[in-house]
Student: 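Can you keep this structure in mind? I'll have questions shortly.
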Number of protein chains: 2
Amino acid sequence: MNSIDSLSTMLRKQGFRMTPQRLAILKVLSDAGRHLSPSDVYASASKNIPGLTEATVYRTLEFLARQDVVLAAHIGNGKMVYEMAECDHHHLICRACGNTLQIDHALLQKLYQQLEGASGYRLTTSHLTFFGLCPDCKEGGK
Amino acid sequence: MNSIDSLSTMLRKQGFRMTPQRLAILKVLSDAGRHLSPSDVYASASKNIPGLTEATVYRTLEFLARQDVVLAAHIGNGKMVYEMAECDHHHLICRACGNTLQIDHALLQKLYQQLEGASGYRLTTSHLTFFGLCPDCKEGGK
DNA sequence: CTTGCAATTGCAAGAAGTCGCAATAAGGAA
DNA sequence: TTCCTTATTGCGACTTCTTGCAATTGCAAG
């Protein structure tokens, strides 16, 4: 698992600035251990960085996702959520009740290899979201 | 492939109203043959329905997606796009140049069965988006 | 320690999308 | 055809998110 220090060093090496704003946002995500919405991140980070703006939070999340430090995902309500890119995984969400299951990336490894073979692309891990009905809701006949 | 008439009949049977607004939006999507953004849909549909509002377009797209008449997807720029749910497929997008490849759902059939077995969920088809680097861009060493 | 460059941020304006409520209208029953 | 119920829409206010630009600041060089 990458610490904030090693992530910072890596990003600096690539010519990026590690500002207090960026460090605070990274720390919020690192401490959370789950995904957060931009407004969740803003609410927490602005406690440590008075004067932080939401525009900066949005820009920083997008920057960290582009650098693969953070995974972005849509979880079905049209909103983007973010999480530290520590453990590759995907989500399976019940369309009726919203219950969410985490899926290891290992389950998709073969598919990814197959898609690479068929397409010529090199796939990056992304935070996929699958939808379905959970065991409780599919019995209810929705 | 379902015609607008048969989709309308099906929705009416479920107690929904098939208003001129909904028919116009369905027709725009049906004629497009590709995915459209909400503002694309609004621009086209409002030609036929003067007075149509964007609020109605957003609500109708969300309604049609919920009824599985339309597939919604995020294509990497944070925006939602919509397409008739005619041919189950997914997307593979190059993160560098934006080039997009369409992936048949058939390639994911086994994975879906596997996930159903492992989770107890019944998966619905969703419009997944994979990311990677296309053959041209991965050679460029990004 | 100082300086200069260019990346990053704050700010305000604007775009995209959502919500509550009254008015409108789809459609079934009579 | 008329009437009534209730789903749906228009509207305006609001929230969420993005953008351009000037000011600020991280950081490498000296």
Side-chain angles (χ1 to χ4, degrees), chain A residues 4-5 7-28 35-67 69-70 72-82, chain B residues 4-5 7-28 35-67 69-70 72-82:
Chain A
I4 293 178
D5 282 344
L7 288 169
S8 298
T9 301
M10 181 192 72
L11 290 167
R12 280 195 186 97
K13 275 187 157 72
Q14 297 178 51
F16 301 112
R17 310 299 165 85
M18 289 314 295
T19 62
Q21 293 88 349
R22 287 180 171 181
L23 292 168
I25 287 165
L26 259 177
K27 185 164 169 41
V28 165
H35 17 65
L36 298 175
S37 68
S39 54
D40 291 334
V41 173
Y42 172 69
S44 294
S46 62
K47 287 168 181 163
N48 297 325
I49 309 279
L52 181 69
T53 63
E54 281 181 288
T56 296
V57 172
Y58 280 93
R59 285 192 181 115
T60 302
L61 290 172
E62 205 264 326
F63 163 74
L64 293 173
R66 223 188 310 114
Q67 302 310 315
V69 165
V70 147
H74 297 274
I75 51 166
N77 59 0
K79 312 274 187 201
M80 188 87 87
V81 292
Y82 298 85
Chain B
I4 291 177
D5 283 345
L7 289 168
S8 298
T9 301
M10 182 192 72
L11 290 166
R12 280 196 186 98
K13 273 182 158 76
Q14 298 176 51
F16 302 112
R17 312 292 167 91
M18 288 315 295
T19 61
Q21 292 88 347
R22 287 180 169 181
L23 293 169
I25 287 165
L26 261 179
K27 186 164 167 42
V28 165
H35 20 62
L36 298 175
S37 68
S39 54
D40 292 334
V41 173
Y42 173 70
S44 295
S46 60
K47 287 169 184 165
N48 296 325
I49 310 279
L52 181 68
T53 64
E54 281 181 287
T56 295
V57 172
Y58 280 93
R59 284 190 185 117
T60 301
L61 289 172
E62 206 264 325
F63 163 73
L64 294 172
R66 221 186 314 113
Q67 303 308 317
V69 166
V70 148
H74 298 274
I75 52 168
N77 59 0
K79 312 272 189 204
M80 188 87 86
V81 293
Y82 297 86

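The basis for the numbers below is simple: all heavy atoms, side chains too, and nothing from hydrogens, waters or symmetry mates. Chain letters run A, B, ... following the sequence lines, proteins first, then strands; residues in each count from 1.
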Student: Establish, from distance only, whether the side-chain atoms of A/D5 and A/S8 form a donor-acceptor pair under 3.5 Å.
Tutor: no
Student: With sugar-phosphate meaning primed atoms plus P, OP1 and OP2, does A/F63 contact a base, only sugar-phosphate, or nothing at under 4.0 Å between heavy atoms?
Tutor: nothing
Student: Give the nucleotide from the list C/dA26, C/dG17, C/dT8 with an atom nearest to the side chain of B/T19.
Tutor: C/dA26
Student: May I have the list of side-chain donor-acceptor pairs in residues 11-23 of chain A shorter than 3.5 Å, sequence neighbours left out?
Tutor:
{"residue": "A/T19", "atom": "OG1", "partner": "A/Q21", "partner atom": "OE1", "Å": "3.4"}
{"residue": "A/T19", "atom": "OG1", "partner": "A/R22", "partner atom": "N", "Å": "3.2"}
{"residue": "A/R22", "atom": "NH1", "partner": "A/R17", "partner atom": "O", "Å": "2.9"}

Student: Pick one: which of B/I25, B/D40, B/L64, B/L61 meets side-chain contact (heavy atoms from CB on, under 4.5 Å) with B/Y82?
Tutor: B/L61
Student: Between B/A43 and B/K47, which heavy-atom pair has the shortest distance, and what is it?
Tutor: O-CG, 3.6 Å
Student: Output yes when at least one side-chain N/O atom of A/Q21 is less than 4.0 Å from OP1 or OP2 of D/dG26, else no.
Tutor: no
Student: What is the distance, rounded to the nearest whole Å, between atom CD of A/E62 and atom C1' of D/dT16?
Tutor: 16 Å
Student: Nearest 0.5 Å, what's the NE2-NZ distance between B/H74 and A/K79?
Tutor: 10.5 Å
Student: In whole Å, I'd like the distance from the CD atom of A/Q14 to the C1' atom of C/dA7.
Tutor: 14 Å
Student: Counting only Watson-Crick pairs (N1-N3 plus N6-O4 or O6-N4) and G-U wobbles (N1-O2, O6-N3), all under 3.5 Å, who is the partner of D/dC4?
Tutor: C/dG27
Student: Where the side chain of B/R17 is defined as all heavy atoms beyond and including C-beta, which of C/dG17, D/dT5, C/dT9 is the nearest nucleotide?
Tutor: D/dT5
Student: Check whether any side-chain heavy atom of A/V57 lies under 4.5 Å from a side-chain heavy atom of A/L52, and answer yes or no.
Tutor: yes
Student: Any residue in residues 41-61 of chain A with a heavy atom nearer than 4.0 angstrom to DNA chain D? Just list them by number, or reply none.
Tutor: A/A55, A/Y58, A/R59
Student: Figure out the CG/P separation between A/L11 and D/dG26, and round it to whole Å.
Tutor: 16 Å
Student: When the nearest nucleotide of DNA chain C is assigned to B/K79 and to B/F16 on a heavy-atom basis, which residue is associated with the more 5' position?
Tutor: B/K79
Student: What contact category does B/M80 fall into here, base, sugar-phosphate, or nothing, at under 4.0 angstrom with non-hydrogen atoms?
Tutor: nothing
Student: Rounded to the nearest Å, what distance is computed from the CZ atom of residue A/R22 to the P atom of nucleotide D/dT24?
Tutor: 19 Å
Student: Please state how far atom CD in A/Q67 lies from atom C1' in C/dA7, giving the value in whole angstrom units.
Tutor: 13 Å
Student: For the OH atom of B/Y58 and the CD atom of B/E54, what is their distance to the nearest 0.5 Å?
Tutor: 5.5 Å
Student: Quick one: A/M18 CE to D/dT25 P, roughly how many Å, whole number?
Tutor: 17 Å
Student: Can you tell me if the side-chain N/O atoms of B/R12 get under 4.0 Å from OP1 or OP2 in C/dG27?
Tutor: yes
